Amino acid sequence: MMQTLRGFFKKEVFSLLRDPVLFVAIMIMPLVEMIILAAAITMQANNLRLVVASAPNDTVMERIYDRALGSGWFVPADVPANMAPMDAVQSGRADVALIAPDGGLTRALVRGDGEIQILVDSINILKAQNIEAYLQGVVMRALTDITHAAPTPPIRFDVRVLFNPELNTKFFMVPSLVAILIFISLMMMITIAITKEKEMGTMETLIAAPISKYDIILGKVVPYVVLSLVIMIALMLIGVWMFGVPFVGSGLMLGLAFLAFCVPGCAIAVWLSTYTKTQQQAMLGIVIVAFLALMLSGAIIPTENMPRALQVISHVNPLSHYSYLVRSIILKGPDWSYFARHAAAMLAAGAVIWVWAIGRFKTTL
């Protein structure tokens, strides 16, 4: 019995060692994922983009702004000087806007009527849930700096939670799941379809046929793009009808965002298929790539909290831009400049990955 078990053990170990793709997927990637994700995943909201609208020489508001930036929770929003706070939040350039009362907060405090209006972008509820508490602490510390004593809070907050005023988790999760499930569907269908041809030995037949490799790739990609579009429409109908998610954006923009994402999404699937020879390897590769892309996309965990190096990866991750677009289109209704910015990033990433994938496709057949 033990001798038989020992023989099976040796057989499986040697089989694993002879398959470098399987060995890396099983033994190495969990260690890499642990190192990356332990640094990336945090529920704390940091680096919230802040814009302040106040009168000139409003010393109290200036102190609050400086304190907010010094807290580490907020960073200056990159907005034009003449852009209105509401427009800054609407365009996605700012996560939160502080608006001082007419004449400035300093004068309002003298009159005993200090009220700050806060505009919060709540399409990412993990950020929105923390903002008011952060600002209360910032304001108290700023006033303590001025009075050199712990003051009775003389400032009231008029908080306007935009785009998801009830902070409904479903409004946050449904758009994210649409992006995630489309990505996984594309990867799984295309990668498995190509790998299955190689595993069954029918890829040689396709190569011998009077068609180019581009015809083979298109034949494996286009049907699943159409099928993924049907899946996306079904997911949207479920989100709107079953979960009551409001759709305030443009259907045309959502469709164009899907097509833009298919460029890098299909490229990743074809690229992955060039490294796999069996469907088992393909499934392991899909799990690894999809898991890393998801965790570094901002679809679930805010990317602003991640270390700088991982934020750079997130900025070139096509799933990041697609999830931002889907969420904004559904809940916000963004303008076409916002769409163009994220679509261009997806198309640029897709072009690079396609060059790599096509090069690999040629050498591995």
Side-chain angles (χ1 to χ4, degrees), residues 44-167 302-305 311 324 327-328 331-335 337-338 341:
Q44 185 179 7
N46 294 325
N47 298 319
L48 299 164
R49 294 167 297 170
L50 173 67
V51 61
V52 171
S54 62
N57 301 319
D58 188 346
T59 56
V60 175
M61 204 65 180
E62 290 175 359
R63 182 60 63 89
I64 291 174
Y65 181 63
D66 292 340
R67 262 294 183 177
L69 299 184
S71 69
W73 295 324
F74 299 92
V75 295
D78 183 16
V79 298
N82 59 348
M83 178 175 281
M86 182 67 182
D87 293 337
V89 177
Q90 172 73 36
S91 65
R93 293 176 177 268
D95 298 310
V96 57
L98 296 183
I99 304 176
D102 292 339
L105 182 60
T106 304
R107 292 185 180 181
L109 288 175
V110 174
R111 298 193 304 265
D113 184 27
E115 181 175 274
I116 301 175
Q117 186 178 48
I118 304 174
L119 306 180
V120 178
D121 183 351
S122 65
I123 63 170
N124 189 324
I125 62 173
L126 295 178
K127 295 181 185 178
Q129 289 173 339
N130 293 298
I131 286 175
E132 185 176 358
Y134 288 172
L135 287 175
Q136 287 177 346
V138 166
V139 168
M140 289 299 295
R141 285 195 293 272
L143 294 178
T144 301
D145 290 342
I146 295 172
T147 63
H148 304 288
T152 302
I155 295 178
R156 299 185 306 276
F157 290 158
D158 176 19
V159 182
R160 294 182 58 192
V161 180
L162 307 176
F163 315 121
N164 184 5
E166 297 178 357
L167 294 180
T303 57
E304 292 84 358
N305 303 349
Q311 288 187 39
Y324 293 156
R327 194 183 296 147
S328 295
L331 298 178
K332 272 188 178 183
D335 57 25
S337 64
Y338 182 88
R341 188 164 70 249

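Residues take their numbers from the sequence shown, with the count starting at 1. This structure is a prediction, so every number in the text was calculated from the model and none was measured.
In this structure, the side chains of W73 and L50 stay at 4.5 Å or more apart for every pair of heavy atoms.
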Working for side-chain contact (heavy atoms from CB on, under 4.5 Å), residues L162 and D121: CA-CA 5 Å; L162 307 176; D121 183 351; 5.8 Å; no
How far apart are the C-alpha atoms of L98 and Y65, what are their side-chain angles, what is the distance that settles it, and do they pass the side-chain contact (heavy atoms from CB on, under 4.5 Å) test? CA-CA 9 Å; L98 296 183; Y65 181 63; over 6 Å; no
Between M61 and V52, does a side-chain contact (heavy atoms from CB on, under 4.5 Å) hold up when you go through it step by step? CA-CA 8 Å; M61 204 65 180; V52 171; 3.9 Å; yes
Is there a side-chain contact (heavy atoms from CB on, under 4.5 Å) between L48 and V75? Walk through the geometry before answering. CA-CA 6 Å; L48 299 164; V75 295; over 6 Å; no
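Residue pairs satisfying the salt bridge (charged side-chain N to carboxylate O under 4.0 Å, His left out) criterion with at least one member in residues 71-85, sequence neighbours excluded, are absent.
Taking S328 as the reference, Y338 meet the side-chain hydrogen bond (donor to acceptor under 3.5 Å, both in side chains) condition, with sequence neighbours excluded. With sequence neighbours excluded, the residues satisfying salt bridge (Lys or Arg N to Asp or Glu O under 4.0 Å) with R67 are D145. Residues forming a salt bridge (Lys or Arg N to Asp or Glu O under 4.0 Å) with D95 (at least two apart in sequence, or on another chain): R49, K127. Applying the ring pair (Phe, Tyr, Trp, His ring centres under 6.0 Å) criterion to F74, with sequence neighbours excluded, gives no partner residue. Contacts of P80 classified as side-chain contact (heavy atoms from CB on, under 4.5 Å), with partners at least two apart in sequence or in another chain: N82, M83, R93.
Note that OG of S54 and CG of D102 are 12.0 Å apart. Values are rounded to the nearest 0.5 Å. Taking CD1 of I116 as the reference point, atom CD1 of I99 lies at 10.5 Å (rounded to 0.5 Å). Remark: I64 CD1 to L69 CG distance equals 12.0 Å, nearest 0.5 Å.
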Do any side-chain atoms of residues 85-92 form donor-acceptor pairs under 3.5 angstrom with protein atoms, and if so which ones, sequence neighbours left out?
unit_1: S91; atom_1: OG; unit_2: D87; atom_2: O; d: 3.0
unit_1: S91; atom_1: OG; unit_2: A88; atom_2: O; d: 3.1

